[in-house]
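See below for the structure under consideration.
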Amino acid sequence: MTRTASHAPVLIERPSVKFSSAPQRPSLRHLGNPSLRTSSSGTRRRAHGESPRVLLLVPSYTRVVEPSPQRSSFRALGLDTFEVMKRAGTPIGLLRIAANARLSGFEVRIVDSPFAGWEQERRHVDLGSGSSLVRYGLDDAQLRALIEEFDPDVVGVQCIYTVQWGNARALADLVKDIDPEIVTVTGGAHPSGDWQYAVPDSPFDYVVINEADQTFTALLHALTEADGDIDAVPGIAYRRADGAVVRTTAMSPYMRILPKRQGLDQRLGMMPLPDFGMLDMRQYEQGYHSSGKRVRDHGSWAQIFSTIGCNVGCDFCYIPMVNGPWRALGTDWFDLHLGEIRKHGVTEVLIEDDHLLHDPLYAMEICKLLRKHDLPWVEEGGLSLFNLVLLHLGSEFADSMDEAERRNPNFRNVLAAMRAGLTCRDLIKAMADGGCYSVYLAVESANEDSLVESGKPRLNSFQKATGDIVEMFTEYGIQVTGGFMLGFVNPPEQPGGEPYIESLEQIEKTIDYAVTLMGHGMAYANPFIVTPLPGTKMWDFQKDYVVRHYDNGWSHEKGTMATDRWSAEDIERARLELLVRANGADKVVEMVRRGTWPVDA
């Protein structure tokens, strides 16, 4: 591991919590206690020659169900109720940290609560005004039985979505009810970005910040070894006895993975193959996954990755912070990965790479391996439209770009691929030949200002080129779901200046863009509302506009912010307008019925 900045600790003496989950939730019973410095049961097991036990959990999830906004497109269709979609997937983050922990001698079990109880839905919290949180997944009695049966020394709870923070902290409270001496740990995008609040706002003893593959195992050793030193573990935060929050290092370590310089064994030492045998793969045999309808009626699906991290640095995205810079794991590593998952009955996959097309030539090799292992696939992480646009427009356009734009490091590999003769059509054909049947195309906005102000290349707003690209995907039998973002709120360029707030008129242009792309063959338009995500560059600025709590405002399907130009309800109505105008009434009604995009590949 390498550390990206200062080794010095960070201390917050009087932490205060500004945002939290719904006030209607039951109060937590185990707030404010100092973090456990050791696992007494884990240390005892180790002294007796036994392996300390680690239970990794995805908490059961909730989603908002409420009346549809008045004067909205949903009301016009007779859809009087709005429901946030059910969203969950194979817990690849937990599989990653579990692999390292098991190699280090820990006994590890993973429980994916949402999928273990997928059909169990019940009203969980009344939010008032006809709104409620509906819970899906294992109930507390089932979770309690699992925890008591395994008798863990350490419990880790994943929290990748801010909107699920209330469920993660409630699960930590349940663990402490069972035994206050069980050490509780959380990690993932939300606590990584919100660690200053997450530590005082929950019963978790520790937050593992950002990339956790090796940090979590180092924390386990510090907790269960007689001479363990918590403060020597980089990239964690905890509560001192006086209530202060300590972060052990100012920045977190990221794995330095370099396939061109490191052999396979060295990379496997840092990033072991995730063991899908730790999951009950029968839970992932449904005919639909989060991107729509499967193409195979047998076996299970799984979310996997061939690269990690992203270098684009969009101000609204937490990926560069949590997952670190873009790193290829190597085609040899990925080949082994695919071979292993086939052994566990996986017959198709969802590629969750943060930036699959950062290096188009590497992506071409990934396509060949997916074909080799006969794994039809969906690209779900979001394809970088700007790279495809540059490939499509070619060298003449690249030569016309100004020097600063052409030297953008995010274009370096694309320009190299162009010099090697690669075209956009070549890349899309390679994806189709490799078994790709659906992609999520990160279009985001029709407004160049909205893109540039948030650190995104302007090429996403090139509508003619994007239409051509959608037609190419369609020609090769790949269905395109276009992703759009509404309601950008960006800081002023200079202190004291005016902020950039996207107008409703600009949002209307993005709606028109989505409708236009449907005319080019796009299968579905999927709009999201810009949401302040803890840890992003936007967070410190956008949080001043927040009008909702974590439970009902951070789903990207709900408005979180209000400005002097529009209310949260205005943005929600705009989102529903895009859904209906672009997709049509029949598709929207079917989407609501199924709770997922009805992609009939």
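Fair warning: this is a prediction, and the values are worked out from it, not measured in the lab.
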For this session: Supply the atom-to-atom distance Leu393 CG to Met401 CE, rounded to the nearest 0.5 angstrom.
Result: 9.5 Å
Problem set entry | Presence of salt bridge, Lys343 and Asp275, under 4.0 angstrom | no
Problem set entry | Donor-acceptor pair between Ser291 and Glu380 side chains, under 3.5 angstrom | yes
Problem set entry | Distance-minimising heavy-atom pair for Val322 and Ser192 | CG2-CB, 4.2 Å
Exercise. With ring centroids as reference points, do His358 and Trp326 lie under 6.0 angstrom apart?
Worked result: yes
Exercise. Do Asp353 and Ser306 have a side chain donor and acceptor closer than 3.5 Å?
Worked result: yes
Seminar exercise, completed: Shortest non-hydrogen pair, Pro91 vs Asp112, comes out as CD-OD2, 3.5 Å
For this session: Please name the residue in the list Tyr288, Trp377, Tyr284 that meets the ring-ring contact (aromatic ring centres under 6.0 Å, His included) test with Trp301.
Result: Tyr284
Exercise. Are Arg327 and Glu211 ion-paired here, with the side-chain N under 4.0 Å from a carboxylate O?
Worked result: yes
For this session: Under the salt bridge (Lys or Arg N to Asp or Glu O under 4.0 Å) rule, what do Arg458 and Asp449 come out as? Steps first, then yes or no, please.
Result: CA-CA 8 Å; Arg458 64 188 176 99; Asp449 287 347; over 6 Å; no
Exercise. Looking at Asp335 and Lys372, does any basic side-chain N land under 4.0 Å from a carboxylate oxygen?
Worked result: yes
Exercise. Ile304 versus Ile351: any side-chain heavy-atom pair under 4.5 Å?
Worked result: yes
Problem set entry | Any Pro499 side-chain heavy atom under 4.5 Å of Asn490 side chain | no
Exercise. How long is the span from the OG1 atom in Thr531 to the CD1 atom in Ile529, to the nearest 0.5 Å?
Worked result: 6.5 Å
Problem set entry | Donor-acceptor pair between Asn447 and Glu502 side chains, under 3.5 angstrom | yes
Exercise. For the residue pair His355 and Thr307, what are the closest heavy atoms and their distance?
Worked result: O-OG1, 4.3 Å
Seminar exercise, completed: Of all heavy-atom pairs linking Ile236 and Leu219, the shortest is CD1-CD1, 4.0 Å
Seminar exercise, completed: dist Arg575:CZ -> Ile507:CD1 (nearest 0.5 Å) comes out at 13.0 Å
Problem set entry | Test item: side-chain donor near acceptor, Asp315 and Ser454, under 3.5 Å | no
For this session: If the plane angle is over 60° it's perpendicular, under 30° parallel, otherwise tilted; pick one for Trp165 and His190.
Result: tilted
Problem set entry | Steps toward side chain to side chain donor-acceptor pair (under 3.5 Å) verdict (Tyr476, Arg425) | CA-CA 9 Å; Tyr476 285 102; Arg425 179 174 291 276; 3.2 Å; yes
Exercise. Does a salt bridge link Asp374 with Arg371, judged by any charged N lying under 4.0 Å from a carboxylate O?
Worked result: no
Exercise. Any chance the side chains of Asp354 and Asn323 put a donor and an acceptor closer than 3.5 Å?
Worked result: yes
Problem set entry | Lys/Arg N to Asp/Glu carboxylate O, Lys429 vs Asp433, below 4.0 Å | yes
Problem set entry | Cationic tip of Lys456 above Phe386 ring, under 6.0 Å, 45° of axis | no
Exercise. Does Thr248 use its side chain to pair, donor to acceptor, with the backbone of Val233 at less than 3.5 Å?
Worked result: yes
For this session: Kindly say whether Ile92 contributes a backbone atom to a donor-acceptor pair with the side chain of Thr90 at under 3.5 angstrom?
Result: no
Exercise. Closest heavy-atom contact between Pro272 and Trp333?
Worked result: O-CZ2, 4.0 Å
Exercise. Should Phe397 and His392 be marked as a ring pair (Phe, Tyr, Trp, His ring centres under 6.0 Å) after you check the CA-CA gap, both sets of side-chain angles, and the distance that decides it?
Worked result: CA-CA 9 Å; Phe397 172 78; His392 177 55; over 10 Å; no
Seminar exercise, completed: By ring pair (Phe, Tyr, Trp, His ring centres under 6.0 Å), Tyr500 pairs with (sequence neighbours left out) none
Exercise. How many angstroms lie between OG1 in Thr516 and CE in Met522, if you round to the nearest 0.5 Å?
Worked result: 9.5 Å
For this session: Any chance you could measure His373, atom NE2, to Lys368, atom NZ, to the nearest 0.5 Å?
Result: 14.0 Å
For this session: Run the salt-bridge test on Glu505 and Lys509 with the 4.0 Å N-O cut-off and return the result as yes or no.
Result: no
Exercise. Do Thr466 and Tyr513 have side-chain atoms, one donor and one acceptor, less than 3.5 Å apart?
Worked result: yes
Problem set entry | Leu533 and His556, any side-chain heavy atoms less than 4.5 Å apart | yes
Problem set entry | Arg294 to Tyr437, cation-pi by 6.0 Å centre distance and 45° axis angle | no
Exercise. Side chain of Glu340, backbone of Leu336: donor and acceptor closer than 3.5 Å?
Worked result: no
Problem set entry | Flag for Ser252-Arg247: side-chain donor and acceptor within less than 3.5 Å | yes
For this session: Compare all side-chain heavy atoms of Met591 with those of Asn583 and state whether any distance is below 4.5 angstrom.
Result: no
Exercise. Does the pair Glu508/Arg581 count as a salt bridge with the N-to-O cut at 4.0 Å?
Worked result: yes
Seminar exercise, completed: Between the OG atom in Ser503 and the CD atom in Gln506, the distance rounded to the nearest 0.5 Å is 4.0 Å
